[in-house]
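Worksheet for the structure shown next.
Chain identifiers are assigned alphabetically (A, B, ...) following the order of the sequence lines, protein sequences preceding nucleic acid strands; residue numbering begins at 1 within each chain.
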Protein chains: 2
Amino acid sequence: MQDKILLGFLMDGSKTGYEIKKTMEQSTEFFFTTSLGSIYPAFKKLEREGLVEMAESIEAGRLKKKYSITPEGKKVFLNWISLKTGIAKIRDEAILKVFFFNYLSPDERKNRIEEYIKELEGHIGELLALKSRLEKKNIDAFQMTTLDMGIEYFMFMNNWYSGFLDTLKK
Amino acid sequence: MQDKILLGFLMDGSKTGYEIKKTMEQSTEFFFTTSLGSIYPAFKKLEREGLVEMAESIEAGRLKKKYSITPEGKKVFLNWISLKTGIAKIRDEAILKVFFFNYLSPDERKNRIEEYIKELEGHIGELLALKSRLEKKNIDAFQMTTLDMGIEYFMFMNNWYSGFLDTLKK
DNA sequence: ACTTGCATGTAAGTCGTTACATGATTGT
DNA sequence: ACAATCATGTAACGACTTACATGCAAGT
């Protein structure tokens, strides 16, 4: 999946691995992140496959390896985005814990959920801050839409856990 | 995380790896699944760590390795469940594709979303069927709660993509 | 002088899946 | 007879993370 993201970020021009990492921290952060230790080898692999090309340069004394997408890479990316998408599993540790809540005392249950709700609220706050930061920039409408979706998603979660907390209190 | 699930399933009695896999297919399926090729080595590791114990037996001509949780294993499990849980990333391929929707034609966008909504509806149907199956059994209330949560989650997603489709049509 | 950020990369390790391999029992 | 299900396990592979390693530039 990372390789598709890398190709996607190259669709509007060449970038370095470091740049993409920074961009992701300010955009895909809430639904997807990668490490640099994963980006660099991924680019080398994409280069071997002929999906990207690399151009070295030295800017302000720093070595930069700008990657750009090849026509073949564009084909692969556009094919992927058109492919039917299956339903992803939630794979959320918080809900897994609720699954086993029988093994926790009623008091502890409430504490854990209250704690988690605070985490969610903090996260929603961060995303709202990110949104207002991005609104100042001229960002792609669909990328803004995914951010809105993320905010609504975490608000749904917040809502759900709040309702769950109410039933726990009864 | 798998190891915690295994411990969790052993909390109410000893089970074989195969049994746990079957149980998961009928309970945690929508938010978590594992493969047998992952369960067996995981149990061996847990055994080495002293968190589970194994008892071999032959039932109806079949070799069975029943694993049971040790007091130390219970400690580890209960500690994990009490630990503060961080916010998980969505890591959803569908939303990642929306992120890059700029590179798809308006018609294709609608088609992809309509297709995905159908997938979601099918999945919700499966979960509702699972729910009525589980209601006949005497299932743990919290495990039923997580299933309800799953259904609401996918209904939220269905809702969101339906709204998104409406804006795409304008 | 020192820390933070820019910029690249490798190595070790974790986690997990799929495919392969075996063999018995049960249902059709 | 044959297929499906029960039951176990290993090997190869893939995706990703963390820690390690290097070095320059810019700000304090």
A/Ile39 atom CD1 is separated from D/dA15 atom P, nearest whole Å, by 15 Å

Find the distance B/Lys21:NZ to D/dC6:P and express it as a whole number of Å. 12 Å

Integer-rounded Å distance: D/dC16 C1' and A/Ile5 CD1: 12 Å

Have a look at B/Gln2 and say if it touches a base, only the backbone sugar-phosphate, or nothing, with a 4.0 Å heavy-atom cut-off. sugar-phosphate

D/dT17 P sits how many Å from A/Phe32 CZ, rounded? 8 Å

Basic-acidic side-chain contact under 4.0 Å: B/Glu72, B/Lys75: yes

Mind calculating the distance between NZ (B/Lys45) and P (C/dG16) to the nearest angstrom? 10 Å

Taking only side-chain N and O atoms of B/Thr16, does any of them lie within less than 4.0 angstrom of OP1 or OP2 on D/dT8? yes

Taking the six-membered ring of B/Trp80 as reference, does the cationic atom of A/Lys97 (NZ for Lys, CZ for Arg) lie under 6.0 Å from its centre and within 45° of its axis? yes

Let me spell it out: for each of B/Ser38 and A/Tyr40, pick the nucleotide of DNA chain C with the closest heavy atom. Which residue's pick is nearer the 5' end? A/Tyr40

Just checking B/Ser57: base, sugar-phosphate only, or nothing, at a heavy-atom cut-off of under 4.0 Å? nothing

What is the distance from CG of A/Leu63 to P of D/dA25, rounded to the nearest Å? 12 Å

The side chain of A/Arg62 lies closest to which of these nucleotides: C/dT8, D/dA26, D/dA7? D/dA26

With a 4.0 Å cutoff (strictly under), does any side-chain N or O of B/Lys22 reach OP1 or OP2 of D/dC6? yes

Short N-O contact, A/Glu25 and A/Lys22, less than 4.0 angstrom: yes

Give a yes/no on whether any side-chain N or O of B/Lys44 is located under 4.0 angstrom from OP1 or OP2 of D/dT8. no

Quick one: do B/Lys15 and B/Asp12 make a salt bridge, cutoff under 4.0 Å? yes

For B/Lys66, which contact category applies under a 4.0 Å heavy-atom criterion: base, sugar-phosphate, or nothing? nothing

Return the value, rounded to whole Å, for the distance between atom CD of A/Glu49 and atom P of D/dG14. 11 Å

Assess whether a salt bridge exists between A/Lys110 and A/Glu114, defined as any Lys/Arg side-chain N lying under 4.0 Å from an Asp/Glu carboxylate O. no

Check whether any side-chain nitrogen or oxygen of B/Lys65 sits under 4.0 Å from OP1 or OP2 of D/dG9, and answer yes or no. yes

Ranking C/dG16, C/dA7, D/dT8 by distance to the side chain of A/Tyr18, first place goes to C/dA7

Between P of C/dG5 and NZ of A/Lys64, the distance in whole Å: 17 Å

Regarding the side chain of B/Arg91, the nearest nucleotide among D/dC16, C/dT10, D/dT8 is D/dC16

